[in-house]
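Proteins get letters first, then strands, A, B, ... in listed order; numbering begins at 1 in each.
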Protein chains: 2
Amino acid sequence: MFIEIDFNSEEAFYIQLRNQIIIGIATNQFREGDTLPSVRQLAENVGINMHTVNKAYSVLKQEGFIRLDRRKGAVIALDADKLHAMEELEENLRVVLARAVCKGVAEEEVHQMVSEIFREMC
Amino acid sequence: MFIEIDFNSEEAFYIQLRNQIIIGIATNQFREGDTLPSVRQLAENVGINMHTVNKAYSVLKQEGFIRLDRRKGAVIALDADKLHAMEELEENLRVVLARAVCKGVAEEEVHQMVSEIFREMC
DNA sequence: CAGTTGTTATACTATGGATATAACAAAAGA
DNA sequence: TCTTTTGTTATATCCATAGTATAACAACTG
């Protein structure tokens, strides 16, 4: 799995890391039980500070995507709190879709895009 | 149209304003040509500073949702750059859906949610 | 034993969010 | 004409966050 930082992006480094890892899990490049690189290792690989990686991992733990093990490090472990995930999804979709609707994107086009993205996942 | 600030939210005030106005446009509470409240007026109504509202309006202009007129103020005016909107939508959906997929949300459930949200818009 | 792990603590810089005043030209209303 | 309101611009300040830099410690690994 390739993780890399876009240093020109306005998105915070730890958010970029978080999102890429979540997409990695969704696309099955990381699976339940797999171990992520150590904070020092990943930090060196992508060229950022150790604490920034640590923050990304902390957020991922707090959001229920990984478990932080003293001996194994960061392990993929999903909490599967589906109700909470659905609520969060709806809030996010409402904003994201509103932006698209204003610019003339049709419902059918959204459904197609959703199907296409799901084809890459699971 | 009710615009209000959640002072406990972690989201920046100007982002909250931006999102609510965009949703307002998408749900037809604001229509092309309608005028938004003046920066001073809206600032007083929702209880925040004038410059924060000004920033929200600047972002909305830069993103192609309103036009800032010397005489009329902030006027709803969509640039309808659909190609750009589609690209942005796909990027956003990829992250948002990945989070949901990890927590066990099924494709069919997403389609239903999209349809439901579209029912509130247009 | 040496090296690596996660973890915690502290300190510093830079940036961004939010506020507070202030001022100005242009437009609107009386 | 006078006053008010408009958008706009310019400073300045305060605080939180992002990112980096060292450092140290206990626990696990080889």
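For B:Asn49 and C:dA20, the shortest distance from a side-chain N or O to OP1 or OP2 is below 4.0 Å. Between A:Tyr14 and the phosphate of D:dG19, there is no side-chain N or O to OP1/OP2 separation shorter than 4.0 Å. Proximity of B:Ser38 to the phosphate of D:dT6: a side-chain N or O atom is located under 4.0 Å from OP1 or OP2.
Note: A:Phe13 and A:Phe7 meet the aromatic proximity criterion, with ring centroids under 6.0 Å apart.
Residues of residues 50-58 of chain A having a heavy atom closer than 4.0 Å to DNA chain C, listed by number: A:Met50, A:His51, A:Asn54.
Summarising the geometry, the separation between CG on A:Leu17 and P on D:dG19 is reported as 9 Å, rounded to the nearest angstrom. Taking atom CD1 on A:Ile5 and atom C1' on D:dT20, their separation rounds to 14 Å, with Å as the unit. Rounding to whole angstrom units, CD of residue A:Glu11 and C1' of D:dT17 are separated by 15 Å. Distance A:Arg40 CZ to D:dC28 C1': 13 Å, rounded to the nearest Å. Straight-line distance from the CG atom of A:Leu42 to the P atom of C:dG6: 10 Å, rounded to whole Å. If you take CZ of A:Arg18 and P of D:dT17, they are 16 Å apart, rounded to a whole angstrom. The distance from atom CD of B:Glu44 to atom C1' of D:dT4 is 15 Å, rounded to the nearest whole Å. Nucleotide D:dG19 holds its C1' atom 13 Å from the CD1 atom of A:Ile15, rounded to whole Å.
The structure places OG1 of A:Thr52 at 8.5 Å from CD1 of A:Ile5, a figure rounded to the nearest 0.5 Å.
Side-chain contact between A:Val105 and A:Leu97 is absent, with no heavy-atom pair separated by less than 4.5 Å.
The only option from B:Thr35, B:Ile66, B:Leu60 that meets the side-chain contact (heavy atoms from CB on, under 4.5 Å) definition with B:Ile76 turns out to be B:Ile66. Each of B:Leu42, B:Val53, B:Val46 was checked for a side-chain contact (heavy atoms from CB on, under 4.5 Å) with B:Pro37, and the lone residue meeting it is B:Leu42.
Ion pairing of A:Arg94 with A:Glu90 is present here, as a side-chain N (NZ or NE/NH1/NH2) and a carboxylate O approach within less than 4.0 Å.
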Using nucleotides 26-30 of chain C, report all nitrogen or oxygen pairs with the protein that are shorter than 3.5 Å.
none

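Around atom CD of B:Glu91, no more than 12 heavy atoms belonging to other residues, nucleotides or ligands sit under 6.0 Å away.
The two residues A:Lys103 and B:Ala80 come nearest to each other via the heavy atoms CD-N, 3.9 Å.
Along DNA chain C, the nucleotide nearest to B:Ala12 and the one nearest to A:Pro37 differ in position, and the one closer to the 5' end is contacted by A:Pro37.
The backbone N or O of B:Glu4 lies less than 3.5 Å from a partner atom in the side chain of B:Gln20, making a donor-acceptor pair.
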